[in-house]
There are 2 protein chains.
Amino acid sequence: MGGGALVPDVTLDRTSPVPLYFQVATRLQQQIEEGDIPVGSRLENEVELADRLGVSRPTMRRAISYLVERGMLIRKRGVGTQVVHPKVRRPVELTSLYDDLLKSGQSPRTEIREFEVRPAPDQIAEALGLPFGSEVTWIERLRYAGDEPLALMHNAVPVDLLRLRREDLERSGLYDLLRAAGLVPRMANQVVGARSATAAEARILDETRGAPLLTMTRTAWDAAGKAVEYGSHLYRASRYSFELNLTS
Amino acid sequence: MGGGALVPDVTLDRTSPVPLYFQVATRLQQQIEEGDIPVGSRLENEVELADRLGVSRPTMRRAISYLVERGMLIRKRGVGTQVVHPKVRRPVELTSLYDDLLKSGQSPRTEIREFEVRPAPDQIAEALGLPFGSEVTWIERLRYAGDEPLALMHNAVPVDLLRLRREDLERSGLYDLLRAAGLVPRMANQVVGARSATAAEARILDETRGAPLLTMTRTAWDAAGKAVEYGSHLYRASRYSFELNLTS
DNA sequence: TGACAAACTATGTCAGGACAAAGTGTTGAC
DNA sequence: GTCAACACTTTGTCCTGACATAGTTTGTCA
């Protein structure tokens with residue numbers, strides 16, 4: 001029989017506003033990450049599991065599905081549910097450079113080099129799905145990690161959506177400001193490429209002329225499909241690279 | 001009352017092995033893409049919709065959830081379900097350069113420059129989670145789009161998993177061969193960067209020395225978390241860039 | 001002994017019902 | 001006229017129950 005790994009009892013709070021299936025999933029995830037449920041082992045079957053935790057099978061299934069989607073478990077009909085190797089877990093997230101630097105323990109600093117409201121260039125208006133000539137807040141920023149310049153960033157945000165203020169931008173990342181205004185970026189289209197630095201770019205970024213730069217242009221939309229941001233960024237290839245976790 | 005957009009009747013085949021919820025979702029998706037259900041409009045409520053299509057509410061919900069996850073619909077409790085701007089749809093997919101070229105109508109050609117079984121370098125063994133000294137099939141390929149060289153690709157595949165043959169590789173992309181062998185890449189970790197071409201690389205890729213190159217290193221795993229491939233690729237930045245669609 | 005069939009196990013799909021919670025609009029009191 | 005309380009609509013959560021289907025194991029018969 002083999003049985004399958006024993007999932008420790010969990011305490012569920014049915015009065016909590018946190019959904020039951022989510023409580024179960026979170027608990028399960030913890031136990032997998034802490035090694036209580038070893039990698040490669042099979043879970044008990046859904047029915048027993050649901051029974052022991054005192055939830056219905058659909059709720060149990062939903063919790064498991066949640067972890068399956070995150071790549072922690074795999075299910076095979078007729079066989080069972082197995083814990084997969086914890087190498088890759090989280091799919092690509094929509095983060096900003098600012099967040100990335102914060103997470104990696106660096107201290108990001110931003111110098112605003114340009115800040116104005118002006119009609120969007122046609123190409124940007126099109127990317128944002130705005131009528132030609134619509135006004136956007138146009139920003140040029142230089143981002144430092146420690147004392148070294150890291151990226152030269154150009155962004156455009158429709159003024160109709162958010163009236164950005166220079167002072168706010170000096171303290172927070174653009175994405176934080178967008179989120180704070182309820183404009184949560186949910187989908188984005190990014191193009192990542194490379195090219196050589198022009199003399200002007202090299203001077204700003206403290207590189208030599210012709211140095212390889214990583215380019216990234218992005219349009220971001222909120223959940224309702226409203227374009228919230230256009231960005232065109234230049235990174236010093238010697239100091240930065242993109243890391244992506246893909247699934248499916 | 002407003003009502004909400006009318007979803008045309010659909011013909012469901014209950015004898016089909018294709019799940020009901022999937023039939024519903026597919027039909028719905030078609031109608032959205034064809035404009036039968038206009039962007040921005042609200043769907044009828046779940047209960048009516050389920051009723052009219054002759055399915056239960058859970059089934060209807062599952063179909064809708066499927067499209068919500070793909071970014072075509074958004075739901076708001078107490079409000080309804082709305083069709084979002086069809087700009088961004090599919091999240092990042094795990095594809096190969098070969099597939100990408102095929103899809104974009106180019107004719108990819110591959111020249112195999114090196115093909116041997118040998119112990120994996122420590123760094124690659126670690127990336128693949130293999131014991132040091134494990135044998136891999138090591139490949140160097142040059143990929144052309146039309147007559148122009150596009151990318152110089154190095155790959156390593158554990159020999160225990162798949163005994164690659166040079167002839168096969170000449171005809172298909174590596175990912176096709178992996179999939180055919182049941183080693184379906186499901187998760188991957190990619191790092192994208194840039195650097196300047198060395199003299200040797202420039203010669204091979206028909207670029208000048210110092211030209212900007214896009215670099216990509218990737219480890220791919222199958223659903224069970226078994227590492228199936230390591231790749232380290234160099235792209236001509238003048239001819240290629242990565243496009244990503246991110247969600248959430 | 002070997003191969004095919006049946007039994008068993010586990011996940012996949014589907015139904016129908018009940019109540020909770022969030023958002024919207026309306027009504028009523030002050 | 002303004003604001004709060006209430007009703008209503010719609011999605012979110014959770015339950016019980018049932019049958020289908022894929023994979024594995026067991027058992028039987030040739």
Side-chain angles (χ1 to χ4, degrees), chain A residues 1-7 10 12-28 41-69 72-84 182 223-224, chain B residues 1-7 10 12-28 41-69 72-84 182 223-224:
Chain A
M1 286 272 345
L6 192 124
V7 175
V10 294
L12 300 176
D13 180 3
R14 296 184 99 91
T15 69
S16 159
V18 178
L20 257 184
Y21 77 89
F22 195 79
Q23 292 183 41
V24 174
T26 306
R27 218 49 199 101
L28 213 53
S41 67
R42 280 217 304 271
L43 259 51
E44 300 164 77
N45 72 59
E46 296 175 347
V47 183
E48 276 178 32
L49 213 45
D51 222 46
R52 197 147 58 69
L53 300 189
V55 299
S56 71
R57 190 176 160 223
T59 302
M60 194 64 227
R61 267 185 77 74
R62 192 161 175 191
I64 292 177
S65 297
Y66 177 78
L67 297 181
V68 168
E69 271 160 29
M72 300 187 75
L73 299 175
I74 56 169
R75 292 197 273 208
K76 279 192 202 142
R77 184 194 300 208
V79 180
T81 306
Q82 202 176 8
V83 180
V84 305
Chain B
M1 284 272 353
L6 193 124
V7 175
V10 295
L12 300 175
D13 181 3
R14 283 177 175 278
T15 68
S16 159
V18 178
L20 258 184
Y21 77 90
F22 194 79
Q23 292 183 41
V24 174
T26 305
R27 217 53 195 96
L28 212 53
S41 67
R42 281 217 303 272
L43 260 51
E44 301 162 75
N45 72 58
E46 295 175 348
V47 183
E48 276 177 33
L49 213 45
D51 222 44
R52 197 148 59 67
L53 300 189
V55 300
S56 70
R57 190 175 161 223
T59 302
M60 194 63 227
R61 267 185 76 74
R62 189 159 177 191
I64 292 176
S65 297
Y66 178 78
L67 296 181
V68 168
E69 270 159 29
M72 301 186 76
L73 299 175
I74 56 168
R75 292 196 275 206
K76 278 192 202 141
R77 181 191 304 205
V79 180
T81 306
Q82 202 176 9
V83 180
V84 305

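In what follows, chains carry the letters A, B, and so on, assigned in the order in which the sequence lines appear, proteins first and then strands, with residues in each chain numbered from 1. None of these values were measured; they are calculated from a predicted model.
The interatomic distance linking A/Ile64 (CD1) with C/dA10 (P) rounds to 13 Å, in whole Å. The CZ-P distance, from B/Arg75 to D/dT9, rounds to 21 Å in whole Å. As a whole-Å value, the separation of A/Glu46 CD from C/dT13 P is 11 Å. In this structure, B/Asp13 atom CG and C/dC14 atom P are separated by 12 Å, rounded to whole Å. A/Asn45 places its CG atom 16 Å from the P atom of C/dC8, with the value rounded to the nearest Å. Counting to the nearest Å, the P atom of C/dT11 and the CD atom of A/Glu44 are 10 Å from each other. Remark: C1' of C/dG17 and CE of B/Met60 are 19 Å apart, rounded to the nearest angstrom. Distance CD1 (B/Ile74) to C1' (D/dG12): 16 Å, rounded to an integer number of Å.
Residue order along DNA chain C, read from the 5' end via each residue's closest nucleotide, puts B/Phe22 first among B/Lys76 and B/Phe22. Mapping B/Thr15 and A/Pro19 onto DNA chain D by nearest heavy atom places A/Pro19 closer to the 5' end of the strand. For the pair A/Pro17 and B/Tyr21, nearest-nucleotide mapping onto DNA chain C gives the more 5' position to B/Tyr21.
Among the heavy atoms of the strands lying under 4.0 Å from A/Arg62 are primed sugar atoms or P, OP1, OP2 only; no base atom is included. Residue contacts shown for A/Ser56 include a base, since a base heavy atom lies under 4.0 Å away.
When distances are taken from the side chain of B/Val55 to each of C/dA15, C/dG12, D/dT24, the shortest belongs to C/dA15. Closest to the B/Arg61 side chain, of the nucleotides C/dA22, D/dC14, D/dT13, is D/dT13. Ranking C/dA21, C/dC14, D/dC14 by closeness to the B/Arg77 side chain, first place goes to C/dA21. Taking the side chain of B/Val47 as heavy atoms from C-beta on, and the options D/dG23, C/dT24, D/dT11, the nearest nucleotide is D/dT11. Taking only side-chain atoms of A/Pro58, from C-beta outward, the nucleotide of C/dT13, D/dG12, D/dT16 with the closest atom is D/dT16. For A/Thr81, the listed nucleotide lying nearest its side chain is C/dT11; candidates were C/dT11, D/dT11, C/dA15.
Remark: B/Ser16 pairs with no residue by the side-chain hydrogen bond (donor to acceptor under 3.5 Å, both in side chains) rule, at least two apart or across chains. Listed by chain and residue number, nothing satisfies the side-chain hydrogen bond (donor to acceptor under 3.5 Å, both in side chains) test with B/Arg77 (two or more places apart in sequence, or in another chain).
The two residues B/Arg42 and B/Val79 have their closest heavy-atom pair at NE-O, 3.7 Å. A pairwise comparison of heavy atoms in B/Tyr66 and B/Ala25 identifies CD2-CB, 3.8 Å as the closest pair.
One N or O on the side chain of B/Gln23 and one on the backbone of B/Asp13 form a donor-acceptor pair closer than 3.5 Å.
With hydrogens and angles ignored, a donor-acceptor pair under 3.5 angstrom links the side chain of B/Arg57 to the base of D/dG12.
The side chain of B/Thr59 contributes an N or O atom lying less than 4.0 Å from OP1 or OP2 of C/dA15. Within the 4.0 Å cut-off from OP1 or OP2 of C/dA15, at least one side-chain nitrogen or oxygen of B/Arg14 is found.
We find that B/Glu48 and B/Arg57 are not joined by a salt bridge, their nearest charged nitrogen and carboxylate oxygen being 4.0 Å or further apart.
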